[in-house]
Student: 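Got a structure for you, written out below as structure tokens; questions coming shortly.
On a predicted model such as this, the values are computed, not experimentally measured, just so you know.
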Amino acid sequence: MTIQIPGVGNLPAALTTFVGRHGDLTEVRRRLGATRLLTLTGAGGVGKTRLALEVAAASAADAGDGVWLVDLSPVRDPASVAYATATALGVPDLGTRPVIDQLATFLMRRGPLIVLDSCEHLVDACAELAHRLLSASPGLRILTTSRQALGIYGEHVFAVPPLAPDDAVELLRDRATAVRPEFRITDGNRAQVLRLCDDLDRLPLAIELAASRLRTLTVGEALIRLEDRFGLLANGSRVARPHQRTLRGLIDWSHELCTPAERLLWRRLSVFADDFGLDAAEAVCAGDGIGRGEVLELLDRLVVQSVVLPCEREGLPRFRLLETIREYGRERLAESGEEQRTRRRHHAFYLALAERIADGWYGPGQLESLARMRAEYANLRAALDQGGGEPQATLALAAALRFHWCEGGFLGEGRRRLDGALAAAPEPTPARARGLWVAAWIAVLQGDHEAAYGWLDEAAELGERLSDRVVCAHVTSLRGTLALFGGQLQGAVSLLEEAVAAHKATDEEIGAVYALILLATAQSHLGDPRTTQTCREAVAVAEAHDERLVRAHAQWALGYDAWIRGDLKEAAVMIRTALENERGFTDYLRVALMLEQLAWVTAAGGEHPQAARLLGAARALWQDTDTLISTFGPHMAQQHAQCEEAAVRALGPAAYEELLAEGGHHRCPDDAIAFALCAEPDPEPTLTAAAPSPLTRREQEVAALVAGGMSNRQIASALGRSPRTVDGHVENILAKLDFGSRARIASWWTANQAATP
């Protein structure tokens with residue numbers, strides 16, 4: 001989740017101008033200022049969503065914790081409303097409690113404005129959510145759009161009217177000139193334009209669809225064709241035609257004017273639950289009448305006709321259908337007899353995408369992979385719900401999404417999906433074996449050890465039966481993790497050593513890194529002299545794969561080892577480097593652990609005020625995830641208590657609480673990381689800024705790139721040198737500065753770059 005509170009929110013950028021409705025905008029803003037729950041009602045196509053977005057954007061300055069859009073149009077299961085809201089707000093779903101309770105806890109001390117868009121098909125679930133969240137958060141305001149009110153106490157309703165006549169004419173002019181720049185409204189055609197807009201009931205969506213037809217028709221021609229169609233629909237009675245029939249008739253007409261290939265693509269695109277990428281459209285919609293190379297051209301033609309809208313999500317170019325257009329396409333898809341085949345293609349595409357990301361996880365591109373899965377979340381949910389009609393395929397997809405669940409912050413939903421998929425597919429297949437260990441991994445991260453042991457027992461038996469060495473290695477690693485988190489350190493060392501060997505015997509050598517990191521943690525507590533070597537091996541494997549996230553975990557383990565050994569400077573450098581590598585991943589739990597450890601190091605160095613602030617920043621993350629540090633073992637809770645006691649003794653209870661609260665203002669992982677890295681005194685003053693650099697100009701250039709997080713291979717590519725040459729430069733830098741790790745180079749460069757000639 002790249003978007004999180006606090007922040008400006010997640011409102012999409014408007015792709016078209018907002019025309020008219022100045023009075024409506026002012027009135028809705030006034031009402032929203034006087035109530036905490038306001039619902040915009042009205043017929044489909046009347047412009048509820050666009051008005052809500054304009055109101056939200058205009059209200060952003062008044063919402064200190066941001067303005068957040070929750071698009072519920074792709075949600076079909078009422079149980080998923082809270083999940084969709086948590087996803088949109090960037091709320092981590094990590095505990096075992098219902099996600100609505102986690103949301104309430106997260107918002108308790110915050111005051112955002114949330115827009116719940118398209119609630120009409122989920123009214124009861126939206127009402128329950130709104131009531132629960134408004135009760136928990138005194139500063140929260142909610143703006144909803146729906147064809148009917150939620151019907152709960154405290155709700156105010158604003159019925160969105162059709163456009164005023166002048167606004168309707170201006171909208172038609174604006175949209176028509178976008179497709180036909182020479183279009184003008186003149187004295188000669190103004191009366192026809194007014195009549196056309198009136199015949200369209202001044203519905204914004206209807207006007208936009210009609211405007212796209214003015215690319216090839218005159219206003220008079222469009223008017224004649226629409227009057228003929230509406231005359232048939234209303235049996236000659238203009239007043240008998242409701243707004244919804246007007247819109248349906250216009251969409252029918254738009255559909256008829258499409259070419260057969262355009263109509264075919266329209267109905268197949270309706271299988272997507274939300275927006276989609278070109279690669280998805282090509283994979284799902286091509287074939288049986290549409291060549292793969294034709295998809296982009298057909299998409300462009302549907303964009304011109306306002307059937308498909310271009311958009312962007314997570315920085316990726318996308319396309320989408322408005323819900324009214326999508327519903328129409330789904331009706332046509334069901335009538336065509338190819339609905340099931342299209343849904344199977346949809347599921348197959350997203351299964352292949354998830355498996356490709358899982359197989360390529362260890363290496364560069366992890367942030368991009370998480371962003372892609374977030375962008376596809378509605379479609380992934382739809383694929384899981386539909387399953388292509390095959391329970392084993394659903395289970396395979398749920399297991400393939402393991403990094404989305406475990407690294408993306410969706411543990412609760414991952415647990416729910418895997419529980420259901422495993423129950424529906426009991427056959428002893430490779431997909432079940434993978435699903436079992438992934439379910440166990442999620443349970444371990446949630447602190448549900450009993451469930452984890454149950455899944456692992458079955459996974460071990462099935463892995464042995466199938467001779468699946470990868471499954472068996474993960475089972476052993478997770479059993480070692482459970483032993484560590486349960487305080488059974490000797491047992492953890494034995495299991496994790498076995499897991500390291502098991503992973504190395506498979507094609508997934510990088511899988512050994514997590515086992516090595518946990519092994520080093522257990523060894524540290526036992527005073528094992530092999531700890532440092534274990535940590536260095538983990539870092540080496542991560543760097544060999546150009547791996548950033550696992551490298552951060554390994555650096556954190558090195559910092560932990562250095563702290564246990566009493567090398568506070570080295571410990572601070574390694575933890576700070578690990579925090580730097582965690583930027584952008586929004587990993588609440590690991591960042592909280594790193595902040596805790598940095599606080600312990602800082603307190604051990606006598607900097608108790610800063611230690612208290614760091615503990616406060618960590619506490620905010622623990623609270624937001626409803627997690628206790630004891631989840632990661634009694635030894636961790638004991639060290640936290642010792643640090644806290646030392647800070648209270650040094651500062652006094654009142655000052656300690658004040659500094660704790662100060663640190664708690666940094667409420668999301670990236671904000672907390674920025675605070676920790678900027679506020680912490682530089683712990684490595686080996687060379688002062690005034691001292692001359694012992695490095696050559698080329699070595700300084702390499703050091704700068706090392707500090708930027710590049711691997712030797714990346715540096716070689718950037719400088720146009722061979723990897724062996726860069727290896728030599730790095731070795732020289734380490735020798736000249738008397739450092740033992742790349743992280744020390746990064747810390748030195750940050751402190752001394754001002755002195756670099």
Side-chain angles (χ1 to χ4, degrees), residues 358 361-364 366 402-403 406-407 437 440-441 444-445 456 469-565 567 570-571 573-575 577-579 581-582 585 587 589-590 593-594 597 632-633 635-636 711 740-743:
W361 174 255
Y362 294 109
Q366 290 170 331
R402 53 189 175 272
F403 293 109
C406 296
E407 300 290 1
W437 80 254
W441 184 18
V444 168
L445 294 176
L456 288 175
R469 295 188 300 171
V470 172
V471 168
C472 293
H474 282 294
V475 168
T476 305
S477 183
L478 288 168
R479 282 177 169 164
T481 305
L482 285 167
L484 174 63
F485 290 175
Q488 304 164 25
L489 300 181
Q490 292 286 3
V493 168
S494 177
L495 284 166
L496 291 167
E497 286 177 337
E498 182 182 342
V500 170
H503 276 294
K504 288 182 176 179
T506 71
D507 295 331
E508 295 186 351
E509 180 198 23
I510 186 68
V513 174
Y514 281 116
L516 285 165
I517 293 167
L518 294 165
L519 174 59
T521 303
Q523 289 173 332
S524 292
H525 289 293
L526 294 170
D528 192 323
R530 299 173 296 170
T531 303
T532 304
Q533 180 55 40
T534 302
C535 291
R536 287 177 176 166
E537 183 181 353
V539 172
V541 174
E543 289 188 344
H545 288 78
D546 200 11
E547 224 284 351
R548 178 178 159 192
L549 189 57
V550 174
R551 187 189 312 170
H553 305 168
Q555 289 161 340
W556 170 66
L558 269 172
Y560 194 83
D561 172 56
W563 176 66
I564 291 290
R565 291 187 283 104
D567 188 342
E570 178 70 8
V573 168
M574 295 310 305
I575 301 167
T577 305
L579 282 167
N581 277 321
E582 279 282 353
F585 284 101
D587 192 330
L589 297 185
R590 268 190 288 263
L593 284 169
M594 290 176 184
Q597 188 173 313
F632 300 93
H635 48 286
M636 303 295 282
S711 67
S741 70
R742 296 166 65 86

Student: Rounded to the nearest 0.5 Å, what separation is found between the OH atom of Y560 and the CZ atom of R565?
Tutor: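 These two atoms lie 13.0 Å from each other.
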
Student: Using modelled atom types and a 3.5 Å cut-off, is there a donor and acceptor pairing between side-chain atoms of R469 and backbone atoms of A505?
Tutor: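 Pair found, side chain donor or acceptor close to backbone of A505.
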
Student: I'd like to check V513 versus H545 (side-chain heavy atoms, cut-off strictly below 4.5 Å). Are they in contact?
Tutor: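 A side-chain contact is absent here, since even the closest heavy-atom pair is not under 4.5 Å.
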
Student: How long is the gap from CH2 on W437 to OG1 on T476, to the nearest 0.5 Å?
Tutor: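 Answer for the CH2-OG1 pair, W437 versus T476, is 12.5 Å.
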
Student: Return the minimal non-hydrogen interatomic distance between Y514 and H553, and the atom names on each side.
Tutor: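 Of all heavy-atom pairs spanning Y514 and H553, the closest is CE2-ND1, 3.2 Å.
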
Student: If you compare all heavy atoms of V539 against all heavy atoms of A554, which two are closest, and at what distance to 0.1 Å?
Tutor: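 Nearest heavy atoms, V539 then A554: CG2-CB, 3.6 Å.
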
Student: Is there side-chain contact between T531 and I564, with at least one heavy-atom pair below 4.5 Å?
Tutor: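 No - every pair of side-chain heavy atoms lies 4.5 Å or more apart.
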
Student: Do T481 and W441 come within less than 4.5 Å of each other through their side chains, counting heavy atoms only?
Tutor: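 In short, these two side chains do not touch, never coming nearer than 4.5 Å.
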
Student: I'd like to check the side-chain hydrogen bond (donor to acceptor under 3.5 Å, both in side chains) partners of R530; sequence neighbours left out, ordered by chain and number.
Tutor: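 Listed in chain order: E497, D528.
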
Student: Could you pull out the closest heavy-atom pair between M594 and A552, with the gap in Å?
Tutor: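 Heavy atoms of M594 and A552 come nearest at CE-O, 3.9 Å.
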
Student: Working to the nearest 0.5 Å, report the span between CZ of R590 and CZ of F632.
Tutor: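 Nearest 0.5 Å value for the CZ-CZ distance: 8.5 Å.
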
Student: At what distance, to the nearest 0.5 angstrom, does CD1 of I575 lie from CD of E582?
Tutor: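 Answer for the CD1-CD pair, I575 versus E582, is 13.0 Å.
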
Student: How far apart are the closest heavy atoms of L478 and V444, and which atoms are they?
Tutor: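 What the structure gives for the nearest pair is CD2-CG2, 4.3 Å.
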
Student: Any side-chain heavy atom of F585 sitting closer than 4.5 Å to one from E407?
Tutor: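 They are not in contact (no side-chain heavy atoms under 4.5 Å apart), so the answer is no.
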
Student: Which atom pair, heavy atoms only, marks the closest approach of G559 to A571?
Tutor: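 Taking G559 first and A571 second, the nearest heavy atoms are O-CB, 3.4 Å.
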
Student: Would you say V500 and T534 make side-chain contact, with heavy atoms under 4.5 Å?
Tutor: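 Of all side-chain heavy-atom pairs linking T534 with V500, none is under 4.5 Å.
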
Student: As an exercise, state the distance from OG of S494 to CG of L489, rounded to the nearest 0.5 Å.
Tutor: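 Here the rounded value is 12.5 Å.
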
Student: Do the non-hydrogen side-chain atoms of D561 and Q523 ever get within less than 4.5 Å of each other?
Tutor: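 No. Closest side-chain heavy atoms not under 4.5 Å.
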
Student: Heavy atoms only: give me the nearest S477-A515 pair and the separation to one decimal.
Tutor: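 Between these two residues, the closest heavy atoms are OG-CB, 3.9 Å.
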
Student: Using a strict 4.0 Å threshold on nitrogen-to-oxygen distance, state whether R536 and E543 make a salt bridge.
Tutor: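 No, this pair does not count.
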
Student: In Å, rounded to the nearest 0.5 Å, how long is the span from CD of Q555 to CD1 of I517?
Tutor: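 These two atoms lie 9.5 Å from each other.
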
Student: Contact between H503 and H474 at the side-chain level, heavy atoms closer than 4.5 Å - yes or no?
Tutor: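 SC-SC contact between H503 and H474 confirmed.
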
Student: Answer yes if the side chains of W556 and Q597 hold a donor-acceptor pair under 3.5 Å, and no otherwise.
Tutor: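 Indeed, the side chains of W556 and Q597 share at least one donor-acceptor pair under 3.5 Å.
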
Student: Would you sort out whether L482 and L456 count as a side chain to side chain contact (heavy atoms under 4.5 Å, CB included), showing the intermediate values?
Tutor: CA-CA 11 Å; L482 285 167; L456 288 175; 3.7 Å; yes

